[in-house]
Amino acid sequence: MRFTSNMAQLIDGKSIAQDIRKQLTQELKELLTTGCPVPHLTAVIVGEDEASKKYVANKMVACREVGISCETKKLPASTTQEELLDVIAKLNKDPQVSGILVQLPVPDHINERTICNAVHVDKDVDGFNEQNMGRLALDMDSLVPATPLGVKRLLEHFNIETLGRNAVVVGRSKNVSLPMAILLSSDGRYNTKALDATVTICHRHTPPKELARYCRNADIIVVAVGKVGLITKDMIKPGACVIDVGINRIKDEKTGTFKLVGDVDFDEVRQVAGHITPVPGGVGPMTVAMLLHNTLKASKKQFSDRNSC
């Protein structure tokens, strides 16, 4: 990692994700020549959350761009847990379905962990099933959650040195921060090809002074808590790499319009950091690209398993 006093280099996730999608398009074309069927992703959305509907719509557009078949099952907010489990069970048994994505969050009366574990491990393109999470923790081949996998690809693309470096993950969500910490800290010699960093996890019970102290010692900071301006300039080690996973919708007081910002005070932190992701245009596009990657990987495994029977 090169430390510099100049303005941080922007990590353009949108551009990198577009290159990955082109690679996946070519990989899929080659896969189809082997007799593998067209991969198919089914997304399930429960309720009327506008952000969730937008996220799913973007994922469907991305699927079609690379040649992956897809559909969205929209269920009312009144859907019971048993009804949702029945939908998942049918998709698990459907040989035409390569990947299943249940858009989170689900309504409060539905247990998120029960739903994630109901998705068959081989079709779990979100990587949230407990078996995939466990395999990730044990450095075994698995479907890795898309956002942490996307961050890993960004670090690799920009040659950010991780071996033996200090990394801080701010947040401890089971779907992003925990697998991110695992990927950062695990052994690069094994199936996950992880990053061998020394990792500290901070969260809402970490005192602010301690959070600042840990961050100032970090070569890499990944923040994913959903709190505007949490990471400030005085918390950054000169030249550090700052990855902002946060997505917050705020009103611009000057224009009266709404915009998306992350958890990092971007304009200020960029003056100190060596590399930084923008919001939007940083981690978000990589998450979608890695979902496509996982769908293709799932389809290849299922095709291989059927042919080996």
Fill in: Chi angles and distances behind the salt bridge (charged side-chain N to carboxylate O under 4.0 Å, His left out) call for Asp19, Arg153
CA-CA 12 Å; Asp19 288 342; Arg153 292 286 289 268; over 6 Å; no
Fill in: Working for salt bridge (charged side-chain N to carboxylate O under 4.0 Å, His left out), residues Asp49 and Lys53
CA-CA 6 Å; Asp49 182 79; Lys53 288 193 287 188; over 6 Å; no
Discussion item. Thr200 vs Asn166, test: side-chain contact (heavy atoms from CB on, under 4.5 Å). Steps then yes/no.
Written reply: CA-CA 8 Å; Thr200 299; Asn166 290 325; over 6 Å; no
Item to complete: Go through Tyr55 and Ile247 one step at a time and tell me if the side-chain contact (heavy atoms from CB on, under 4.5 Å) criterion holds.
Response: CA-CA 12 Å; Tyr55 294 149; Ile247 301 177; 4.1 Å; yes
Item to complete: Go through His293 and Thr295 one step at a time and tell me if the side-chain hydrogen bond (donor to acceptor under 3.5 Å, both in side chains) criterion holds.
Response: CA-CA 6 Å; His293 163 85; Thr295 302; over 6 Å; no
Practice prompt. Begin with the C-alpha distance, continue with both residues' side-chain angles, and end with the deciding distance and a verdict on side-chain contact (heavy atoms from CB on, under 4.5 Å) for His109 and Gln81.
Written response: CA-CA 7 Å; His109 64 276; Gln81 179 166 296; 5.7 Å; no
Worksheet entry | Residues Lys59, Gln103; criterion side-chain hydrogen bond (donor to acceptor under 3.5 Å, both in side chains); working and verdict | CA-CA 11 Å; Lys59 293 168 184 176; Gln103 182 65 35; 3.0 Å; yes
Item to complete: Take Phe158 and Ile16, measure what side-chain contact (heavy atoms from CB on, under 4.5 Å) needs, and give me the verdict at the end.
Response: CA-CA 10 Å; Phe158 279 85; Ile16 300 165; 3.2 Å; yes
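A heavy-atom distance below 4.5 Å is found between the side chains of Leu84 and Val44. Between Ile276 and Pro278, every side-chain heavy-atom pair lies at or beyond the 4.5 Å cut-off. In this structure, the side chains of Cys241 and Ile11 come closer than 4.5 Å at one or more pairs of heavy atoms. Using a 4.5 Å cut-off on side-chain heavy atoms (C-beta onward), Lys73 and Thr42 make contact. The shortest side-chain heavy-atom distance between Arg270 and Lys233 does not fall under the 4.5 Å cut-off. Side-chain atoms of Asn191 and Asp139, non-hydrogen and from C-beta on, never get closer than 4.5 Å to each other. Proximity of Ile243 to Ile221: side-chain heavy atoms (C-beta onward) are nowhere separated by under 4.5 Å. Taking the side chain as every heavy atom from C-beta outward, Ile100 and Val125 never approach each other to under 4.5 Å.
Side chain of Ser185 to main chain of Thr198: no donor-acceptor pair is present (N/O by atom type, distance under 3.5 Å, no hydrogens or angles). At least one donor-acceptor pair under 3.5 Å links the side chain of Asp196 to the backbone N or O of Gly188. No donor-acceptor distance shorter than 3.5 angstrom exists from the side chain of Asp126 to the backbone of Leu101, with no hydrogens or angles considered. Side chain of Thr206 to backbone of Leu211: no donor-acceptor contact under 3.5 angstrom is found. Within the 3.5 Å criterion, the main-chain N or O of Tyr190 finds no donor-acceptor partner in the side chain of Asp187. In this structure, Asn132 contributes its side chain and Val121 its backbone to a donor-acceptor pair below 3.5 Å. Panel note: side chain Lys152, backbone Lys193; a donor-acceptor pair is recorded below 3.5 Å.
Residues Ser186 and Thr192 come closest through the heavy atom pair CB-OG1, 4.3 Å. Between Ser69 and Val38 the shortest heavy-atom distance is N-CG1, 3.8 Å. Closest of all the heavy-atom pairs between Ala43 and Val56 is CB-CG1, 3.9 Å. A pairwise comparison of heavy atoms in Cys63 and Cys70 identifies CB-SG, 3.8 Å as the closest pair.
Both Leu28 and Met290 are members of a single hydrophobic cluster when ILVMFWY side chains are connected at heavy-atom separations under 4.5 Å. Linking ILVMFWY side-chain heavy atoms closer than 4.5 Å, directly or via other members, places Val199 and Leu183 in a single hydrophobic cluster. There is no path of hydrophobic side-chain contacts, each under 4.5 Å, that joins Met286 to Val279. Transitive grouping of hydrophobic side chains (ILVMFWY, heavy atoms separated by less than 4.5 Å) brings Ile160 and Ile182 into a common cluster. Tracing side-chain contacts under 4.5 Å through hydrophobic residues (I, L, V, M, F, W, Y), one reaches Val269 starting from Leu10; they form part of the same cluster.
Of the residues listed (Val66, Leu292, Ile20), the one engaging Thr25 in a side-chain contact (heavy atoms from CB on, under 4.5 Å) is Val66, and it is the only one.
Contact check on Arg135 versus Asp141 returns no salt bridge, with no Lys/Arg side-chain nitrogen under 4.0 Å from an Asp/Glu carboxylate oxygen. A salt bridge is defined here as a Lys NZ or Arg NE, NH1 or NH2 lying under 4.0 Å from an Asp or Glu carboxylate O, and Asp94 with Lys90 fails to meet this definition. Between Glu50 and Lys54 no salt bridge is recorded (no basic side-chain N to carboxylate O distance below 4.0 Å).
Rounding to the nearest 0.5 Å places CD1 of Ile88 at 12.0 Å from NZ of Lys123. Atom CG of residue Asp219 and atom CG of residue Asn217 lie 7.5 Å apart, to the nearest 0.5 angstrom. Summarising the geometry, atom CE belonging to Met133 is positioned 10.0 Å from atom CG belonging to Asp124; distances are rounded to the nearest 0.5 Å. Rounded to the nearest 0.5 Å, atoms OG (Ser142) and NZ (Lys297) are 6.0 Å apart. For the atom pair CG (Leu104) and CD1 (Ile45), the distance works out to 10.5 Å, reported to the nearest 0.5 Å. Atom CG of Leu31 and atom CZ of Phe303 lie 7.0 Å apart (nearest 0.5 Å).
Counted within 6.0 Å of CZ on Arg204, heavy atoms from surrounding residues, nucleotides or ligands total 12 or fewer; the atom is thus considered open. Other residues, nucleotides and ligands place no more than 12 heavy atoms under 6.0 Å from the CD atom of Glu48. Atom CG of Asp252 has more than 12 neighbouring heavy atoms from other residues, nucleotides or ligands inside a 6.0 Å radius.
Side-chain polar atoms of Gln23 and Glu27 form no donor-acceptor pair below 3.5 angstrom. Looking at Asn175 and Ser173, their side chains never bring a donor and an acceptor atom within 3.5 Å of each other. A donor atom on one side chain and an acceptor atom on the other are found under 3.5 Å apart for Gln9 and His275. Side-chain atoms of Thr287 and Thr147 include a donor-acceptor pair closer than 3.5 Å.
Scanning for side chain to side chain contact (heavy atoms under 4.5 Å, CB included) contacts around Lys174 gives Leu178, with sequence neighbours left out. Under the side chain to side chain contact (heavy atoms under 4.5 Å, CB included) criterion, Glu83 pairs with Thr79, Thr80, not counting sequence neighbours.
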Distance-only check: which donor-acceptor pairs under 3.5 Å involve side-chain atoms of residues 258-267, not counting sequence neighbours?
from, atom 1, to, atom 2, distance (Å)
Asp263, OD1, Gly226, N, 3.2
Asp263, OD1, Lys227, N, 2.8
Asp263, OD1, Asn248, ND2, 3.0
Asp263, OD2, Val225, N, 2.8
Asp263, OD2, Gly226, N, 2.9

